[in-house]
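Chain naming here is simple, since letters A, B, ... match the order of the sequence lines and numbering starts at 1 in each.
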Amino acid sequence: MAEKLDDAAAKILMLMSHRGFIWGPSPEIYNPVKGSYEFGPLGKLMKTNLENYMRKKFRKYQFWEVQCPLIGSDMIWKASGHAERFYDFIIQCTNPKCQRVHRVDTLLESLGYNLTSFSADDFQKIIKEDKILCPDCQGELGSVTTQNLMVTSQLGFPASEFILRPETATTTYLLFPRLIQFFRTKMPIFVFQMGYAFRNEISPRKMLLRTREFEQCEGQIFITPEQEMNFELFNQAAQEKLPLWSAKQQIAGDENIKYYSLQEALDQKILQKPAYAWLLFFAYDIVKGLDIPLENIRLRQHKDDEKAHYAHDAWDLEINSKIYGWTEVCGIHDRGDYDLGRHFKYSKKKQLKVPSQNKGEKIIPHILEIAFGLGRLFFFCLEQAFTFEEERNVLDLPIQITPIPFAVFPLMKKPEELSKIAMEIYKQLIDNDLGAIYDETGSIGKRYRRTEEVGVRYAFTIDHQTLDDDTLTIRNIEDMSQKRIHQSDIIPIASKLLRGTITYEEIEDLSQKD
RNA sequence: GCGUCAUUUGUAUAGCGGUUAGUAUGCUGGCUUCCCAAGCCAGCGACCCGGGUUCAAUUCCCGGAUGACGCUCCA
């Protein structure tokens, strides 16, 4: 990771805010809340496009979308295990010059204590009786308190405490009794949810990469153990290759990332389950489709000590950020029967079980999860797309997610007819759900420069010839080349370009004809 | 929370105990039948906040806020 931001990184961050993608921390005119950001006009357009891209990917494999409440009772989070996991015992050094905060469990463990489920009082006793001092300054330690890593709120009269969800996944699991009915008791079940989650991060930083409120896009597969080993989608993708960096390699210090087909990964026991292997492919496929350079994508397996409380196997899809280095953008987790098992134990609802292969026996379904941070994904798409050429800054985003794919310009303000025609074309594009801007300010060259910096892929320019023969130019962001097309072809051409059913190269250039 | 460094217009910067606070870029309007940040004319826009020292503070001192990076922390 870079110690100081280099010029390109600083420029990218400047353009992100200057051009209206990301603002904050918010609110800028009062004392901002750390780790909270606004999406400006272009950022919001792009995020909406990115969300729709994700929807399309999930729908393609017949995942169904649901939406659950952000606020929930503490019961949910006790059952899920987050209450245990998200409360840390902390202690602060009383030396006014030090005042460092320590996590009690890691502090004691580092001193050789073997800990199993201690309470705050137990910890306090140990610290007092064994005269444990601050490891940094040998100062006296204060009293043990808890640090809640979940965000809470008050509801009702009189008010009682509720929790803002720290992940969307658990709220999806609570739907299982309903989902199993909706899917007519047929497993596996594919669902996903996009929405906000909240965490009381100790130190929010790095723009959208570590925030206290953030959006997730999480897909869940409810599945039986047999189906995990015999998974239809796997067969279609068995030869697809993935850049895998196993835990074993990491421990051995081997940083050489190799590509394995899904089949090879199973054969070599890097992965255990076809269904889980397919999910890794799915995550990779989604990111690849966003034009992230392949050398900047890898799948990294969690080592045993990194795994979450629920995970049997866990891999992160990481992207090599131009600004912040390798960072997780998606976690793929084999959660086994942990979640529904816990909810069965706490709620005692029989509907959380399904019939097994063996007659008369019921089992807890397993869950495979793919969890994207939408803000992170957004950030990576944006930063990876900035390219600085000698003469121009280009935001080279894929047309599906770029905030504004098309622009319409009159070559100049006079004669007025040029503006009139251009404005009409602009309105037609909007009417046809084709994102566009209209601009007549400044010279034509300046408008091209300004728009390619925010990812406008194609510009339609109305010139004097338009008045004679109803043709106009279409300009390509990539090489700045232009072709003449007929005015009546704009909508069909723009639609096809947006859907990717034609390329710019395939457009017929009328100026070549005579 | 702690430490280091920083804060002058939208952006990037210059500068000074008394300045009409400079420059570049940007933006606005106008001119130029003008296709790649052209030119010309006119205009817009800033010293983070509070206190102190001083005849006088954007400049010096103290405090605060905020930011970047590091530590801590981190499904």
Enquirer: Can you say whether a donor on the side chain of Glu391(A) sits under 3.5 Å from an acceptor on the base of C36(B), or the other way round?
Expert: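 No.
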
Enquirer: Taking any heavy-atom pair under 4.0 Å as a contact, classify Pro166(A): base, sugar-phosphate, or nothing.
Expert: base

Enquirer: For C41(B) and U4(B), measure between their C1' atoms and round to the nearest Å.
Expert: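 Here C41(B) and U4(B) have their C1' atoms 49 Å from each other.
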
Enquirer: Could you work out which one of A75(B), U28(B), G67(B) sits closest to the side chain of Thr441(A)?
Expert: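 For Thr441(A), the side-chain atoms sit closest to U28(B).
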
Enquirer: Taking N and O atoms by type only, does the side chain of Glu328(A) place a donor or acceptor under 3.5 Å from a partner on the base of A75(B)?
Expert: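 Result: no qualifying N/O pair found.
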
Enquirer: Are side-chain N/O atoms of Gln220(A) and Thr172(A) paired as donor and acceptor at under 3.5 Å?
Expert: no

Enquirer: Is it the case that the ring center of Phe222(A) lies less than 6.0 angstrom away from the ring center of Phe176(A)?
Expert: yes

Enquirer: If we take the C1' atom in both A21(B) and G1(B), what is their distance in whole Å?
Expert: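 39 Å, rounded to whole Å.
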
Enquirer: Ignoring hydrogens and geometry beyond distance, is a side-chain donor-acceptor pair present between Tyr196(A) and Glu215(A) at under 3.5 Å?
Expert: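 Looking only at side-chain atoms, Glu215(A) and Tyr196(A) do form a donor-acceptor pair, the distance falling under 3.5 Å.
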
Enquirer: In whole Å, what is the span from the CD atom of Gln465(A) to the P atom of U33(B)?
Expert: 19 Å

Enquirer: To the nearest Å, give me how far apart CG (Asn200(A)) and C1' (G1(B)) are.
Expert: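 Atom CG in Asn200(A) sits about 13 Å away from atom C1' in G1(B).
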
Enquirer: Can you say whether a donor on the side chain of His464(A) sits under 3.5 Å from an acceptor on the base of U33(B), or the other way round?
Expert: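 Counting by modelled atom types and ignoring angles, a donor-acceptor contact under 3.5 Å is found here.
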
Enquirer: Taking the six-membered ring for Trp, are the ring centroids of Phe63(A) and Phe282(A) within less than 6.0 Å of each other?
Expert: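 They qualify: ring centres under 6.0 Å apart.
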
Enquirer: Do Tyr426(A) and Phe406(A) make the cut of ring centroids closer than 6.0 angstrom?
Expert: no

Enquirer: Return yes if the base of C36(B) and the side-chain atoms of Arg475(A) contain a donor-acceptor N/O pair under 3.5 Å, otherwise no.
Expert: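 Flag set: donor-acceptor pair detected.
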
Enquirer: If the C1' atom of G15(B) is compared with that of U59(B), how far apart are they to the nearest Å?
Expert: 9 Å

Enquirer: Examine A38(B): is either OP1 or OP2 under 4.0 Å from a nitrogen or oxygen in the side chain of Ser443(A)? Give yes or no.
Expert: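 Yes, such a contact exists.
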
Enquirer: A56(B) and G64(B): how far apart are their P atoms, nearest whole angstrom?
Expert: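 The answer is 26 Å between these two P atoms.
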
Enquirer: Provide the distance between the two C1' atoms, one in G22(B) and one in C5(B), to the nearest whole Å.
Expert: 26 Å

Enquirer: Would you mind telling me which of C35(B), A75(B), G67(B) lies closest to the side-chain atoms of Gln482(A)?
Expert: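 Looking only at side-chain atoms, Gln482(A) lies closest to C35(B).
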
Enquirer: Is it true that the side chains of Ser36(A) and Glu213(A) contain a donor and an acceptor less than 3.5 Å apart?
Expert: no

Enquirer: Between U58(B) and G3(B), how far apart are the C1' atoms? Round to whole Å, please.
Expert: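 Pairwise C1' distance, G3(B) against U58(B), rounds to 28 Å.
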
Enquirer: Between U11(B) and U53(B), how far apart are the two C1' atoms, rounded to whole Å?
Expert: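 Comparing C1' positions in U11(B) and U53(B) gives a spacing of 35 Å.
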
Enquirer: Nearest whole angstrom, please: distance from the C1' of A75(B) to the OH of Tyr338(A).
Expert: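 After rounding, the reported distance stands at 11 Å.
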
Enquirer: Distance check needed: C73(B) C1' versus Lys34(A) NZ, whole Å only.
Expert: 14 Å

Enquirer: Using a cut-off of strictly less than 4.0 Å, decide whether Lys206(A) has a side-chain nitrogen or oxygen near OP1 or OP2 of C69(B).
Expert: no

Enquirer: Taking 4.0 Å as the cut-off, does a side-chain nitrogen or oxygen of Arg450(A) come that near to OP1 or OP2 on C27(B)?
Expert: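 So the side chain of Arg450(A) is within the cut-off, an N or O lying under 4.0 Å from OP1 or OP2 of C27(B).
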
Enquirer: Just compare G30(B), C34(B), A37(B) and give me whichever is closest to any side-chain atom of Lys446(A).
Expert: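 Per side-chain heavy atoms of Lys446(A), the pick is A37(B).
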
Enquirer: Under 3.5 Å for both donor-acceptor distances, Watson-Crick or wobble: does C40(B) have a partner, and if so which one?
Expert: G30(B)

Enquirer: Can you see whether His302(A) engages Asp316(A) through a side-chain donor-acceptor pair at a distance of less than 3.5 angstrom?
Expert: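 Their side chains do contain a donor-acceptor pair, which is all the 3.5 Å distance test asks for.
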
Enquirer: Using whole Å, report how far CG of Asp509(A) lies from P of C35(B).
Expert: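 Answer to the nearest Å: 18 Å.
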
Enquirer: Would you indicate which nucleotide in A68(B), A37(B), G10(B) comes nearest to any side-chain atom of His18(A)?
Expert: G10(B)

Enquirer: Which value, in whole Å, describes the distance between the P atoms of nucleotides C73(B) and C16(B)?
Expert: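 My reading of the P atoms in C73(B) and C16(B) gives 45 Å.
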
Enquirer: Could you tell me whether Glu369(A) contacts a base, only the sugar-phosphate backbone, or nothing, with contacts defined as non-hydrogen atoms closer than 4.0 Å?
Expert: nothing

